[in-house]
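In this text, all values refer to a predicted model and were calculated from it rather than measured experimentally.
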Amino acid sequence: MSVGATKTVCVTGASGFIASWIVKFLLHKGYTVKASVRDPNDSKKVQHLLGLDGAKERLHLMKANLLEEGSFDSLVDGCEGVFHTASPFYHDVKDPQAELIDPALKGTLNVLGSCAKTSSVKRIVLTSSIAAVAYNGQPRTPEVVVDETWWSDPEVCRQMQMWYVLSKTLAEDAAWKFVKEKGIAMVTINPAMVIGPLLQPTLNTSAASILNLINGAETYPNSTFGWINVKDVAHAHILAFENPSASGRYCLVERIVHYSDFVKILRELYPTYKLPEKCADDKPFVPTYQVSKERAKSLGVEFTPLEVGIKETVESLKEKKFFQPPSAI
């Protein structure tokens with residue numbers, strides 16, 4: 001009998017990129033899954049969830065709103081595990097407080113508030129981000145190793161106008177204070193840029209950054225990011241729930257590369273595609289750095305190579321008709 005056969009868990013923001021994979025793997029392991037979406041009747045947003053193996057028998061879609069107090073009460077009721085993934089992520093922000101910070105911070109506290117009222121909840125797994133870890137104003141160079149003891153500095157984020165980074169930092173910090181005070185068990189997963197195959201029909205931000213590179217961009221950004229496969233991230237969430245000794249934060253980064261090296265991998269995989277030849281500016285390349293994998297490996301995470309994730313993303317973009325390769329035009 002599988003681990004989840006008699007267990008009920010819930011996933012917030014279930015139609016999102018990471019959450020959809022968490023739901024898929026939970027159903028595969030036999031869990032009953034209560035999943036929150038903004039509108040259960042919007043078939044375009046939920047069809048991919050309803051089509052998952054086991055969904056007919058064990059997936060229950062429920063409506064909940066991050067900013068509506070108490071709207072998660074019925075979702076978490078009777079659940080042993082709560083996977084809170086819902087949090088907006090995009091770059092073109094007009095009002096950071098309303099669009100990113102409030103949904104991340106108030107939304108997280110709203111979900112945790114519902115958990116605090118429910119005796120069935122044994123553990124919360126919160127989807128945070130490397131964004132809440134690595135931006136503290138310290139220089140990041142090839143010999144620097146970032147680990148789970150690092151915290152991003154809200155002041156640095158405000159000065160640099162990194163609103164998404166600020167939203168994730170404030171939300172995770174507030175979550176730790178809340179669970180400490182209430183005596184609730186929580187683990188956070190802090191992934192870098194997440195790539196890999198899309199289950200959902202909409203384009204997510206990290207896949208869009210790859211689409212941009214293969215879709216005729218003249219230049220690539222002068223930036224360096226960590227990358228991780230969505231399936232590794234989903235597995236890590238479930239390991240963090242199932243492993244009794246899991247605690248604290250887990251950074252998930254398979255590799256850190258500058259965009260120039262990212263394009264190099266794309267060129268090797270897809271030699272016929274028109275890819276950007278030059279960097280967006282003439283400044284020295286932003287240096288790479290390291291992120292410790294020790295804690296993630298101790299949890300049982302096995303990392304999928306970056307090359308595999310890039311290929312899976314491109315093939316998924318083609319399959320979902322976001323991209324037509326040159327030969328098909």
Peer 1: Looking at R123 and E80, is there a salt bridge between them, counting it only when a charged N and a carboxylate O are closer than 4.0 Å?
Peer 2: no
Peer 1: Do E294 and S292 meet the criterion of a side-chain donor-acceptor pair at a distance under 3.5 Å?
Peer 2: no
Peer 1: State, to 0.1 Å, how close P197 and W21 come at their nearest heavy-atom pair, and which atoms those are.
Peer 2: O-NE1, 2.9 Å
Peer 1: For the residue pair A192 and I130, what are the closest heavy atoms and their distance?
Peer 2: CA-CG2, 3.6 Å
Peer 1: For D102 and Q97, does a side-chain donor sit closer than 3.5 Å to a side-chain acceptor?
Peer 2: yes
Peer 1: What I want to find out is whether D73 reaches K117 closely enough, with some N-O distance under 4.0 Å, to be called a salt bridge.
Peer 2: yes
Peer 1: Output yes when E218 and K278 qualify as a salt bridge under the 4.0 Å nitrogen-oxygen rule, no when they do not.
Peer 2: no
Peer 1: Hey, are E312 and N229 close enough side-chain-wise for a donor-acceptor pair under 3.5 Å?
Peer 2: yes
Peer 1: Checking side-chain polar atoms at under 3.5 Å, does T304 have a donor or acceptor matched by the opposite partner on D232?
Peer 2: yes
Peer 1: In terms of ring plane angle, is the pair H235 and F25 parallel, tilted or perpendicular, where the classes change at 30° and 60°?
Peer 2: parallel
Peer 1: What I want to find out is whether K29 reaches E242 closely enough, with some N-O distance under 4.0 Å, to be called a salt bridge.
Peer 2: yes
Peer 1: Is the NZ or CZ atom of R249 positioned over W151's six-membered ring, under 6.0 angstrom from the centre and within 45° of the axis?
Peer 2: yes
Peer 1: For the residue pair T224 and H258, confirm or rule out a side-chain donor-acceptor distance under 3.5 Å.
Peer 2: no
Peer 1: Using ring centroids (six-membered ring only for Trp), state whether Y135 and Y164 fall under 6.0 Å.
Peer 2: no
Peer 1: Is the distance from the ring center of F262 to that of W227 below 6.0 Å?
Peer 2: yes
Peer 1: Sequence neighbours left out, what passes side-chain hydrogen bond (donor to acceptor under 3.5 Å, both in side chains) with N110? Give chain and number order.
Peer 2: none
Peer 1: Are E277 and R267 within salt-bridge range, i.e. N to O under 4.0 Å?
Peer 2: yes
Peer 1: So do the side chains of I189 and S128 get within less than 4.5 Å of each other, counting heavy atoms only?
Peer 2: no
Peer 1: Of all heavy-atom pairs between V165 and S152, which one has the smallest distance, and what is that distance?
Peer 2: CG1-OG, 4.3 Å
Peer 1: Give the minimum heavy-atom separation between L27 and Y31, together with the two atoms involved.
Peer 2: CD2-O, 3.9 Å
Peer 1: Under a plain distance cut-off of 3.5 Å, with no hydrogens placed, do N136 and D153 share a side-chain donor-acceptor pair?
Peer 2: no
Peer 1: Checking S20 against Q200 for the side chain to side chain donor-acceptor pair (under 3.5 Å) test, could you report, in this order, the C-alpha distance in whole Å, the side-chain angles of both residues, the deciding distance, and whether it holds?
Peer 2: CA-CA 7 Å; S20 296; Q200 84 287 357; 5.0 Å; no
Peer 1: Is the cationic atom of R295 (NZ for Lys, CZ for Arg) positioned less than 6.0 Å from the six-membered ring centroid of Y250 and within 45 degrees of its normal?
Peer 2: yes
